[in-house]
Amino acid sequence: MPKGSVHLTVELATLPLWAAAGVAAGLSRPTLTAFAVCYVASSLFLSPDLDLAWAGPARRWGRAGLLWRPYARAFRHRGLSHHPLWGPATRLGYLGLLGTIGWLVLLRPLGFAAPREVPWALAPAALAGVYLPSLLHVALDRMWSACRRGVSSRRG
Ligand SMILES: [Zn+2]
């Protein structure tokens, strides 16, 4: 598989193209901002390679990377975590679970209330921002594997 830095470079280098497409499509500034913020956050912190306990994406979380060890144990490398649809859903679900536990254990006892207003109108752009880097990652992994198979079959 390509190195994590290759994935990150491809993902971040293509962001201007997606943003330009969004501008050309007439998307609003808040929509484009939600997309771009989620795209960068997803590229840095929600990589499909979180299924590797100590790979770059888990290390980017710093000490909080420990929180992704159960995820890495639950999902074998390049299994469901690399599925185009379900992979990002598993990470968002896991992150939601961690957030809920964190809120219940740490914030709620201190009197913090759950957010009441959620900007649902931006949810599609945010989801696109989360999903697109994962799709690029999976596509790059698959192209890399196909190229390696092609090289090894020519040798044999
Ligand atoms: Zn991968």
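In what follows, residues are counted from 1 in the order of the sequence shown. Heavy atoms only: backbone and side chains are in, while hydrogens, waters and symmetry mates are out.
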Taking the side chain as every heavy atom from C-beta outward, state whether L136 and H7 have any atom pair closer than 4.5 Å. no

Taking the side chain as every heavy atom from C-beta outward, state whether L140 and M143 have any atom pair closer than 4.5 Å. yes

Other members of the hydrophobic cluster containing V138, with the 4.5 Å side-chain heavy-atom rule, please. none

Report the residues that fulfil side-chain contact (heavy atoms from CB on, under 4.5 Å) with S28, sequence neighbours left out, ordered by chain and then residue number. P30, T31

Please answer whether the main-chain N or O of D141 pairs with a side-chain N or O of R78 as donor and acceptor at a distance below 3.5 Å. yes

Check: W61 side chain, L67 main-chain N or O, donor-acceptor pair, under 3.5 Å: no

Residues at least two apart in sequence or cross-chain that pass ring-ring contact (aromatic ring centres under 6.0 Å, His included) with W103, listed by chain then number, are none

What's the shortest heavy-atom distance between A121 and P124, and which atoms? O-CD, 3.6 Å

Approximate separation, where rounding is to 0.5 Å, of R69 CZ and L50 CG: 13.5 Å

Side chains of D51 and L80, heavy atoms from C-beta outward: is any pair under 4.5 Å? no

To the nearest 0.5 angstrom, please state how far the OG atom of S42 sits from the CG atom of L132. 9.0 Å

Which ILVMFWY residues can you reach from V37 by hopping between side chains whose heavy atoms are under 4.5 Å apart? none

Which residues satisfy the ring-ring contact (aromatic ring centres under 6.0 Å, His included) test with Y94, sequence neighbours excluded? W68, Y71

If hydrophobic clusters are built from ILVMFWY residues whose side chains come within less than 4.5 Å, do L95 and L52 share one? no

Residue pairs passing the side-chain hydrogen bond (donor to acceptor under 3.5 Å, both in side chains) test with at least one member in residues 108-131, sequence neighbours excluded, are none

Can you list everything that forms a side-chain contact (heavy atoms from CB on, under 4.5 Å) with R63? Sequence neighbours excluded, please. none

Shortest non-hydrogen pair, A13 vs P16, comes out as O-CD, 3.3 Å

Check the hydrophobic clustering (I, L, V, M, F, W, Y; side-chain heavy atoms under 4.5 Å; chains of links allowed) and say if V118 and L127 are grouped together. no

Just so I know, are the side chains of H82 and R142 near enough to count as touching, which here means a heavy-atom distance under 4.5 Å? no

For residues L104 and T100, determine if any side-chain heavy atom of one lies less than 4.5 Å from a side-chain heavy atom of the other. yes

All side-chain contact (heavy atoms from CB on, under 4.5 Å) counterparts of R76, not counting sequence neighbours: none

Quick one: list whatever passes side-chain contact (heavy atoms from CB on, under 4.5 Å) with V23, sequence neighbours left out. L32

Quick test of your reading: applying side-chain hydrogen bond (donor to acceptor under 3.5 Å, both in side chains), list the pairs with at least one residue in residues 10-23, sequence neighbours left out, ordered by first then second residue. E11-S43, T14-W18, T14-Y39, W18-Y39

Do L46 and L92 have side-chain heavy atoms sitting under 4.5 Å apart? yes

For S134, which residues count as a side chain to side chain donor-acceptor pair (under 3.5 Å) partner, sequence neighbours excluded? R91

Taking F35 as the starting point, is it possible to reach L122 by hopping between hydrophobic residues whose side chains are less than 4.5 Å apart? no

Would you say the side chain of H137 lies within less than 4.5 Å of the side chain of L8, judging by non-hydrogen atoms? no

